[in-house]
Amino acid sequence: MSPTNDLVVTTPSDLEIRMSRVFDAPRDLVFLAHSKCEHMKRWWGRGNPLDCEMDFRPGGRYRFVEHAPDGEDYAFRGEYLEIVEPEKLSYTFEFEGMPGHVCVDTLLFEEHDGKTTLTSTTRFDSVEDRDGMIESGMEEGANESMRALDALLATWK
């Protein structure tokens with residue numbers, strides 16, 4: 001994989017989706033953007049209003065509610081499993097519209113020459129859940145969120 005500012009999405013196994021993107025910012029800042037509601041509200045919802053609750057510690061829980069332009073609310077929740085600041089973050093992720101389909105996201109933050117490669121690997125319980133996520137349009141949504149994160153990081157320089 002070559003360093004790029006475009007999101008690269010792959011399926012390394014039948015149960016995983018991996019996404020990788022390079023940010024022109026140190027990993028401390030990229031990690032910080034994932035650790036506080038005040039920052040998550042500025043990029044995660046891709047410009048849509050976002051309600052955010054976070055207890056950012058291993059065993060702590062989070063919940064995001066995105067208020068979409070179509071008037072619908074999309075709620076997501078999970079539990080932080082592992083936090084190794086600023087290198088790794090792992091948590092469960094569940095869309096409340098499809099309860100019981102819980103996946104595990106693991107984010108790795110790697111810095112080289114002042115740029116950070118963020119790699120997220122999502123592990124699903126079944127091939128059907130993984131393929132359903134791919135078919136939901138998650139790649140475009142993730143791309144929009146990553147562009148919003150890039151814009152936020154540019155304001156922190």
Stepwise salt bridge (Lys or Arg N to Asp or Glu O under 4.0 Å) check, Arg77 with Glu96: CA-CA 7 Å; Arg77 64 181 174 211; Glu96 291 182 3; 3.7 Å; yes
Contacts table for residues 47-56: side-chain donor-acceptor under 3.5 angstrom, sequence neighbours left out:
residue	atom	partner	partner atom	Å
Asn48	ND2	Gly45	O	3.4
Asn48	ND2	Glu66	OE2	2.7
Asp51	OD2	His67	NE2	2.8
Asp55	OD1	Arg57	NE	3.1
Asp55	OD2	Arg57	NE	3.0
Asp55	OD2	Arg57	NH2	3.0

Partner of Phe109 under side-chain contact (heavy atoms from CB on, under 4.5 Å), chosen from Leu89, Val84, Thr119, Thr117: Leu89
Cationic N near anionic O, under 4.0 Å, Arg130 to Glu16: no
Any donor-acceptor N or O pair under 3.5 Å, side chains Thr122, Asp105: yes
Expected output: side-chain Glu111 to main-chain Arg27 donor-acceptor under 3.5 Å: yes
Side chain Thr92, main chain Cys103, donor-acceptor under 3.5 Å: no
Qualifying residues under side chain to side chain donor-acceptor pair (under 3.5 Å), relative to Tyr74, sequence neighbours excluded: Asp70
Side-chain touch Val30/Leu153, heavy atoms, less than 4.5 angstrom: yes
Pair Arg18-Thr121, side-chain donor/acceptor within less than 3.5 Å: yes
Of Phe93, Phe95, Trp44, the residue whose pairing with Phe64 passes ring pair (Phe, Tyr, Trp, His ring centres under 6.0 Å): Trp44
Which residues share a side chain to side chain donor-acceptor pair (under 3.5 Å) with Arg42, sequence neighbours left out: none
